[in-house]
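Per chain, numbering begins at 1; letters A, B, ... match sequence-line order. As the structure is a prediction and not an experimental result, all values here were calculated from the model.
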Amino acid sequence: MSENEVHYDVHAVEEKWLPVWERLDPFRADDDAVTSGEREKRYALTMFPYPSGDLHMGHAEVFALHDVISRYWRFRGYEVLNPMGWDSFGLPAENAAIRNDEHPATYTYGNIETQAASMKRYGVSFDWSRRLHTSDPEYYRWTQWLFLKFRERGLAYRKNSPVNWCPNDQTVLANEQVLADGTCERCGAEVTKRELTQWYFKTTEYAQELHDCLDELQKTWIGKVVNAQRNWIGRSEGAHVTFEVEGRDPITVFTTRPDTLWGATFMVVAADAKLAAELVSDDQRQALDDYLVEVRKASDIDRLATDRPKTGVFLGVHAVNPVNGERIPVWASDYVLADYGTGAIMAVPAHDQRDLDFARAMDLPVRMVVDTGEEDPATSGIATNGNGTYVSSGPLDGLADKAAGIHKVVELLEADGHGSGTVNFRLRDWLLSRQRYWGAPIPVIHCPVDGEVPVPEDQLPVELPELRGADLKPKGTSPLGAATEWVNVECPTCGGPATRDTDTMDTFVDSSWYFFRYLSPNDDTQAFDPALAKAWGPIDLYIGGDEHAVLHLLYARFFTKVLRDMGLIDWDEPFSAYLSQGKVINNGRKMSKSLGNGVSLGEQLDEFGVDAVRLTLVFASPPEDNIDWADVSPAGSARFLQRAWRLSGDVTSAPGTDPAGGDVALRKVTHKTVHEAAHLLESYRFNVVVARTMELVNATRKAIDSGCGPADPAVREAAEAVAILLSLVAPYTAEEMWERLGHQPSVAQTAWPTVDPALLVEDAVTAVVQIQGKVRGRLEVSPDISEADLEAAALADPAVQKAIDGREVRKVIVRAPKLVNIVV
RNA sequence: GCCCCCGUAUCCCAACUGGCAGAGGAAGCCGCCUUAAAAGCGGCGAGUUCCGGGUUCGAGUCCCGGCGGGGGCACCA
């Protein structure tokens, strides 16, 4: 045996097959096959990357996982759409351009080429004919068009309000881009607030539906992502209650506990809300102004500390409690948020800890109206919010059920017009404008006569002016403002002098609809072809990282619902199933430059080859678990691939040999493996598929060396099954095997092996005999043995009789053919 | 504080609707090969299924209560 036959050169193999795949182009999706109904479709999608440098281990993992299912679907005869592109607008390119005095496109498109070459080497079954880049004018023309359509429907609008501002990136941020600790998710700087006029998408319009559809998605999406979305949308049921105010307009509050209305001893409005300024008496105006100065000094980080002492100021006015006519004072405080609910609350200090803290700080009365058996909050300082008996609550007195109490109060309020049951959401509208250059310009013209004027559709795209280097330096206003020739235009309506909107769109807008553009990426007459959307949509499996659990997935769901309401598609949710991939870490920690524990994908590929790295990532754990590179063994993967490959060289029977007469034991292993693999693949348990393939390799090796021998047709059948299974993860090795087995490339173009049900049936199975649930004997029985026969056989077994030891048999549970449990 | 997920051999992980705790890999140990070592090849072992209750003929699996880890939301009324 020559050296050449025990090993293959992983790098030579990569160079050998890349041009072959390029020529055969086996992964191009055929629209006609799907629109004609000739073949059933599958749309496989993985999150397209941002082009920052070359691919890293995280990309490698998600592409490897994604390719398993794509290739499997193709084997099963589906027409598979598996596109790839780039999310190529964004800040890193702009920052690099400033640093290097160049155009952001230089960095962007340079990296795209690098990544594209790496992806091809990595052997993912993408349909490259559908490649797109969101920074191409041909793409962002349609991003702009969608913006205008949203605006026509009242779903894109401008408003002035306090917004998140990143002092480092010098731009506004969406709520979703501010981390829980008040820092910028991109650069870590402490986010501040600014009062600015900005563009918003009206995501709140769809809050209810975005929430409700999660029930259905729960079945096919990974649970933690559904949970994260549900928390983010933050639906809460309650009531609006209106309080009359002496000498002012009435105040409406949102509360989840209308049943505690009799315990409301004061009201609080958000200090920074317009409402506070409207309500305040002349006497107290100065006090409120002074308080506002204090409040604005506090940073967001301070505000987020929940144990901060309560502060506030009396507004000098009183409201009337609608259920008992009681006169209660109205206060302003920063513990009430201006942009949640109505920006005002009724305070029930006995049953809400925040209100109680405030009452104690301001010496306001505390009145218990639900007796839970715990100590009175007025004395304990601990608010009670559990179930209990209502007291001092008029018609509720004596009732002891919270749900019934809430229901009854809502009925009373609705009857006399003081309130109504309602639902409130934590979700806010999506702030989409950014004061940066490298994004899609907002296609609106501001005219002193006509106001906001949309750019006419036939003038799209509004292309970015040519700016570079220092022109892009952040200065707090959009860099586009400096392009005077670009900014100053004629008003499309009146022809007078006007200016372009100088903001660009959040890059999450670009990625909210890219999966539609893949359907017809070169169409210059429409954003996408609705007929193709009907044929290919929705996406059957989307794989991506948890970091997009709320942001991108929520925005894409929102876009999909709007496109449906525009009549362009006929489905409600974009992603039928969602699988999140874990992170690749090293030595228990996230890979990072500062920790010096980064693992270079390129180096791993050079050392072990593409297939071994892919196999390692798929085999290491279930897809959603993190992979610690210190715990896995790419060398072991490479070893296994060599072992598998050697099988193909040992087979001596001719291609096409009928396996029917082959070794039955090996055939059974093969058929069982293929059968189970299909089942596992459909539930995305890819790591187990690899383990099963390893078992088949081991069994085949044994058959060759010490069983039926290499000439047996069952060995060929097994080796071919290995090649096909392996091609899901290790396409180069599989291709080599397929060729050595005497077939034409490509293994990707063959079909999934047909399973013979007769070979799935065992000749004999081991039935376990338990006594008192403990295993006391084993019997070899026929798989179709009757329960009566199995029971008789078990009781006749000498070992079993010995274990029973003459005791009386009280009950026998039989689960033919696997188990008998005897109770004595 | 509220809401989700997880806990199996030294490590990463299997175990279909409750039915023999173990598939696969890593590390370890023992052989073979080698002048020797590494690589390679062959083989081997290992358990309070986190803890405590419950349901059941039978629980890693279902229920309740803890402990530990991870994640989401959070002055959201």
Side-chain angles (χ1 to χ4, degrees), chain A residues 6-7 180 218 222-236 238 253-258 260 268 270 303-308 310 333-337 339-348 351-355 357-358 385 424-428 546 549-550 580 582 615-616 619-622 624-628 630-637 639-640 642-643 646 673 676 679-680 683 685 687-698 701 705-706 766-778 810-815 818-824:
Chain A
V6 280
H7 288 294
Q218 187 122 37
I222 185 155
K224 61 179 167 181
V225 172
V226 175
N227 184 247
Q229 294 233 346
R230 198 168 270 139
N231 285 338
W232 188 263
I233 295 166
R235 182 180 189 275
S236 67
V253 301
F254 173 74
T255 176
T256 55
R257 294 295 304 273
T260 61
V268 188
R303 269 193 72 127
L304 285 162
T306 51
D307 52 355
R308 204 163 54 102
K310 294 283 183 286
S333 173
D334 65 351
Y335 86 90
V336 172
L337 306 179
D339 59 352
Y340 180 78
T342 62
I345 62 157
M346 63 179 213
V348 184
H351 307 297
D352 182 290
Q353 192 61 46
R354 296 157 299 184
D355 296 344
D357 293 343
F358 190 81
N385 57 15
N424 206 34
F425 294 92
R426 207 196 69 94
L427 184 73
R428 313 297 207 270
D546 291 342
V550 281
S580 60
L615 183 80
T616 303
F619 180 52
S621 69
E624 63 275 18
D625 286 8
N626 288 345
I627 296 170
D628 194 329
D631 288 339
V632 297
S633 171
S637 299
R639 221 155 40 221
F640 163 72
Q642 294 284 352
R643 265 206 318 273
R646 278 208 314 275
T673 303
E676 285 183 11
H679 177 73
L680 291 163
S683 44
R685 285 180 290 166
N687 54 325
V688 191
V689 173
V690 173
R692 293 281 175 272
T693 308
M694 287 173 169
E695 285 177 65
L696 180 56
V697 168
N698 293 344
R701 180 83 265 153
D705 291 348
S706 53
T766 306
V768 173
V769 185
Q770 299 178 334
I771 294 166
Q772 310 291 67
K774 299 258 190 301
V775 180
R776 289 289 182 258
R778 290 184 172 81
R810 302 230 313 260
K811 194 173 174 186
V812 180
I813 291 111
V814 185
R815 291 285 178 276
K818 293 177 72 178
L819 177 131
V820 180
N821 190 11
I822 299 163
V823 186
V824 295

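In this model, the phosphate group of B:rA74 is approached by a side-chain N or O of A:Arg426 to a distance below 4.0 Å at OP1 or OP2. Residue A:Arg815 places no side-chain N or O under 4.0 Å from the OP1 or OP2 atom of B:rC57.
If you check every strand for non-hydrogen atoms under 4.0 Å, A:Thr766 touches a base. A:Lys818 comes within contact range of at least one nucleobase, with a heavy-atom separation under 4.0 Å. At a threshold of 4.0 angstrom between heavy atoms, the contacts of A:Asn687 are confined to the sugar-phosphate backbone, with no base atom among them. Within 4.0 Å of A:Asn821, counting heavy atoms only, lies at least one base atom of the nucleic acid. A:Gln353 comes within 4.0 angstrom of nothing in the nucleic acid, heavy atoms only. Using a 4.0 Å heavy-atom criterion, one finds that A:Arg685 contacts the sugar-phosphate atoms exclusively. Backbone-only contact: A:Asp625 has heavy atoms under 4.0 Å from sugar-phosphate atoms and none from a base.
Whole-Å rounding puts the A:Asp546 CG to B:rC5 C1' distance at 11 Å. If you take CZ of A:Phe358 and P of B:rA77, they are 18 Å apart, rounded to a whole angstrom.
Scanning all heavy atoms of the two residues, the minimum distance from A:Leu337 to A:Arg428 falls at CD1-NH2, 4.4 Å.
Across the C1' atoms, B:rA21 and B:rG28 are found 22 Å apart, a figure rounded to whole Å.
The aromatic rings of A:Tyr340 and A:Phe254 lie perpendicular to each other, with more than 60° between the two planes, well past the 30° mark.
The base-pairing partner of B:rG40, taking Watson-Crick or G-U wobble contacts with both distances under 3.5 Å, is B:rC32.
Mapping A:Arg778 and A:Lys224 onto RNA chain B via the closest heavy atom, the residue that lands nearer the 5' end is A:Lys224.
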